[in-house]
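For ligands, and for the atoms within them, numbers begin at 1 and follow the listed sequence. What you see below is based on every heavy atom in this structure, not just the backbone, and it leaves out hydrogens, waters and symmetry mates. Residues take their numbers from the sequence shown, with the count starting at 1. None of the values given here were measured: they were computed from a predicted structure.
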Amino acid sequence: MKLTVDGNPHDVDVEEDMPLLWLLRDELGYKGVKYGCGVAQCGACTVHLDGVAVRSCQTWAADAEGAEITTIEGLGTPDALHAVQEAWIAHQVAQCGYCQSGQIMQAASLLAETPAPTDDQIDEAMSGNLCRCGTYPRIRAAVKTAAAKLSEV
Ligand code: FES
Ligand code: FES
């Protein structure tokens, strides 16, 4: 089964019903993708599948065949962070950090679809990404900062 992750081509031999989360973490070593609930309820495992945010714990390997996957490790680079990553640092969003790769991937997906989201649109888009540290006000502020930065380019 062929797929591309963060621009890297991979050819893996796995069961078609293996969760994409296991494929990414255990087979390919993309540990930036986090396991929270395993049942599509927390958002910690969010990645982009052909540019769309999905919960990788409830996406199957077969769905990823031939697809372009982007994880937090490929959203930007240390020298060229994605605007969302820059905004997350500027607002010091992360507390324990466990949920944050999923939060950032969800936010990047929101801004790709809705470049200037309202508070309600942000809250709606991010409502499925849980944060036990309660970083929601900072997440909302950071999404707005990232939206402003992206509107400049
Ligand atoms: S681990 Fe996938 S949504 Fe919680
Ligand atoms: S930063 Fe700790 S769970 Fe979100």
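Every atom of ligand 1 is numbered from 1 in the order shown, and the set under 4.0 Å from a heavy atom of Ala40 is 3 (S). Each of the atoms 1 (S), 3 (S), 4 (Fe) of ligand 1 lies under 4.0 Å from some heavy atom of Cys42. Near Arg132, the atoms of ligand 2 lying under 4.0 angstrom from a non-hydrogen atom of the residue are 3 (S). Atom numbering of ligand 2 starts at 1 in the shown order; those under 4.0 Å from a heavy atom of Gln100 are 1 (S), 4 (Fe). Close approach of ligand 1 to Cys45 is summarised as follows: ligand atoms under 4.0 Å from at least one heavy atom of the residue are 1 (S), 2 (Fe), 3 (S).
Here Cys99 meets the criterion, with an N, O or S atom under 2.8 Å of atom 4 (Fe) of ligand 2. One of the N, O or S atoms belonging to Cys131 lies under 2.8 Å away from atom 4 (Fe) of ligand 2.
Looking at Gln41 against ligand 1, only its backbone comes within 4.0 Å, counting heavy atoms. Contacts with ligand 1 closer than 4.0 Å are made by heavy atoms of both the backbone and the side chain of Cys37.
Heavy atoms of Ala94 come nearer than 4.0 angstrom to ligand 2 in no pair at all.
Within a 6.0 Å sphere centred on NZ of Lys2, heavy atoms belonging to other residues, nucleotides or ligands number 12 at most. Enclosure of atom CD in Glu15 is not indicated, since only 12 or fewer non-hydrogen atoms of other residues, nucleotides or ligands lie within 6.0 angstrom. Shown here is Glu124, whose CD atom has no more than 12 heavy atoms of other residues, nucleotides or ligands within 6.0 Å.
Between the Thr59 side chain and the Leu20 main chain, no donor and acceptor come within less than 3.5 Å of each other. A donor-acceptor pair under 3.5 Å is absent between the side-chain atoms of Tyr30 and the main chain of Ile72, judged by distance alone.
With atom 2 (Fe) of ligand 2 as vertex, Cys133 SG and Cys96 SG subtend 100°, rounded to 10°.
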I would like to know whether Gln103 and Thr135 meet side-chain hydrogen bond (donor to acceptor under 3.5 Å, both in side chains); could you show each step before the answer? CA-CA 10 Å; Gln103 301 280 6; Thr135 60; 5.1 Å; no
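Scanning all protein heavy atoms for the shortest distance to atom 3 (S) of ligand 1 gives Gly43 N, 3.1 Å.
A distance of 9.5 Å separates CE of Met1 from CE of Met18, quoted to the nearest 0.5 Å.
Using a 4.5 Å heavy-atom cutoff, the side chains of Thr145 and Arg140 are not in contact.
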